[in-house]
Amino acid sequence: MMLGFGNVFRQQNLVRNPVRFLIIRSWHNEKPIPVSWKKPEYGWTKLNFDGSCRGRGCRGSIGGVIRDHNAEFLLGYAESIGKTTSVLAELASLRRGLELLIDNGWKYIWLEGDAKTLVDIIVEGRSVKCKETERNISKINNMLPEFKNFILSHVYREGNRAADKFAKIGHRLEKPKIWRVNPPHEVLRIVHEDARGKIIFRPR
């Protein structure tokens, strides 16, 4: 098929100005990603977990929030865990969340975190070089048969804000803390926004 003059001109222009073309294409096509927290199905319980590291020595903390199919707050937790790595902090947060789910007898669970690589390692059964990471993953895998059914998924940080806030609270704590019935005030607003399905746009 023969190109029209307009098409020929534009294609020639792209060759002469490749950088300009890329900038224009990026400006037009790179739309932000809408992200929101999702409720679990009826009868299911959802755990959002997160780990946090601060400073050169990576002072770690963990936090998480458990909610039901109505997006009602059931439980939150936070704890300072000392020197660690970001991966080990995420794993520690997931382990603590699983312990609390087991203690409370919740059997149908949705686990969600914002560390995609970690989620992929567990879901796909990938091998890891770090022995401590491997031990923690093994402990998590040994806990999962306690549940009748479970889902493990990744969400962008914008959909994990409540857990992220609990993890940051953990930095201020001298000992582990659990919240039941009502979350701390600084988390309550996020819990309400999640329940309403608030959408946050994430830049690409």
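All values derive from a computational prediction rather than experimental measurement.
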Open item on the list: Under the criterion salt bridge (Lys or Arg N to Asp or Glu O under 4.0 Å), I'd like the reasoning laid out for Asp194 against Lys39: C-alpha separation, chi angles, the key distance, then a yes or no.
Closed with: CA-CA 9 Å; Asp194 284 348; Lys39 301 176 185 178; over 6 Å; no
TODO: Quick one: list whatever passes ring-ring contact (aromatic ring centres under 6.0 Å, His included) with Tyr156, sequence neighbours left out.
DONE: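 Tyr156 satisfies ring-ring contact (aromatic ring centres under 6.0 Å, His included) with His154 once adjacent residues are dropped.
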Open item on the list: Checking Arg95 against Asn136 for the side chain to side chain contact (heavy atoms under 4.5 Å, CB included) test, could you report, in this order, the C-alpha distance in whole Å, the side-chain angles of both residues, the deciding distance, and whether it holds?
Closed with: CA-CA 8 Å; Arg95 281 182 57 195; Asn136 277 274; 3.0 Å; yes
Count I, L, V, M, F, W, Y as connected when their side-chain heavy atoms are under 4.5 Å apart, and connections chain through other members. Are [X] and [Y] then in the same cluster?
X	Y	value
Val119	Val155	no
Ile102	Leu111	yes
Val65	Trp106	no
Leu118	Phe150	yes
Trp110	Leu144	no

TODO: Applying side-chain contact (heavy atoms from CB on, under 4.5 Å), name anything that partners Lys175, two or more places apart in sequence or on another chain.
DONE: none
Task: With sequence neighbours excluded, residues passing side-chain contact (heavy atoms from CB on, under 4.5 Å) with Ile199 - done: Pro34, Ser36, Phe201
- [ ] Start with the C-alpha gap between Arg54 and Lys168, add the side-chain angles, then the distance that decides, and say whether side chain to side chain contact (heavy atoms under 4.5 Å, CB included) holds.
- [x] CA-CA 10 Å; Arg54 287 182 178 175; Lys168 288 176 178 172; 4.1 Å; yes
Does the side chain of [Y] come within less than 4.5 Å of [X]'s, by heavy atoms?
X	Y	value
Ile190	Asp164	no
Ile66	Ile109	no
Asn70	Tyr42	no
Thr45	Pro40	no
Arg172	Lys177	no
Arg157	Asp50	yes
Leu100	Tyr77	yes

Open item on the list: Can you list everything that forms a disulfide (SG to SG under 2.5 Å) with Cys58? Sequence neighbours excluded, please.
Closed with: Cys53
Task: Worked check of side chain to side chain contact (heavy atoms under 4.5 Å, CB included) between Thr85 and Leu88 - done: CA-CA 5 Å; Thr85 67; Leu88 291 175; 3.3 Å; yes
TODO: Find out whether the Lys NZ or Arg CZ of Arg67 is both under 6.0 angstrom from the six-membered ring centre of Trp37 and within 45° of the ring's axis.
DONE: yes
- [ ] Search all heavy atoms of Leu173 against all heavy atoms of Glu79 and return the closest pair with its distance.
- [x]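 Leu173 and Glu79 have their closest heavy atoms at CD1-N, 4.3 Å.
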Task: Whether Phe73 and Phe166 hold their rings parallel, tilted or perpendicular, with breakpoints at 30° and 60° - done: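 Parallel: the ring planes of Phe73 and Phe166 meet at under 30°.
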- [ ] Would you please say whether a donor-acceptor pair under 3.5 Å links the side chains of His171 and Ser80?
- [x]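 Side-chain D/A pair, His171 to Ser80: absent.
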Open item on the list: Run Ile121 and Val128 through side chain to side chain contact (heavy atoms under 4.5 Å, CB included) and show every step you take.
Closed with: CA-CA 8 Å; Ile121 287 171; Val128 294; 3.8 Å; yes
TODO: Can you sort out the partners of Glu158 under side-chain hydrogen bond (donor to acceptor under 3.5 Å, both in side chains), two or more places apart, ordered by chain and number?
DONE: Arg202
- [ ] Under the side-chain hydrogen bond (donor to acceptor under 3.5 Å, both in side chains) rule, collect the residues that match up with Lys165, sequence neighbours excluded.
- [x]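 Testing Lys165 for side-chain hydrogen bond (donor to acceptor under 3.5 Å, both in side chains), a comparison that skips the adjacent residues, returns none.
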Open item on the list: Please determine whether a side-chain nitrogen of the Lys or Arg among Lys46 and Glu112 lies less than 4.0 Å from a carboxylate oxygen of the Asp or Glu.
Closed with: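 A salt bridge is present here (some side-chain N lies under 4.0 Å from a carboxylate O).
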Open item on the list: Rounded to the nearest 0.5 Å, what separates atom CD1 in Ile200 from atom CD1 in Ile33?
Closed with: 13.0 Å
Task: Distance, nearest 0.5 Å, that separates CG of Leu98 from CG of Leu47 - done: 6.5 Å
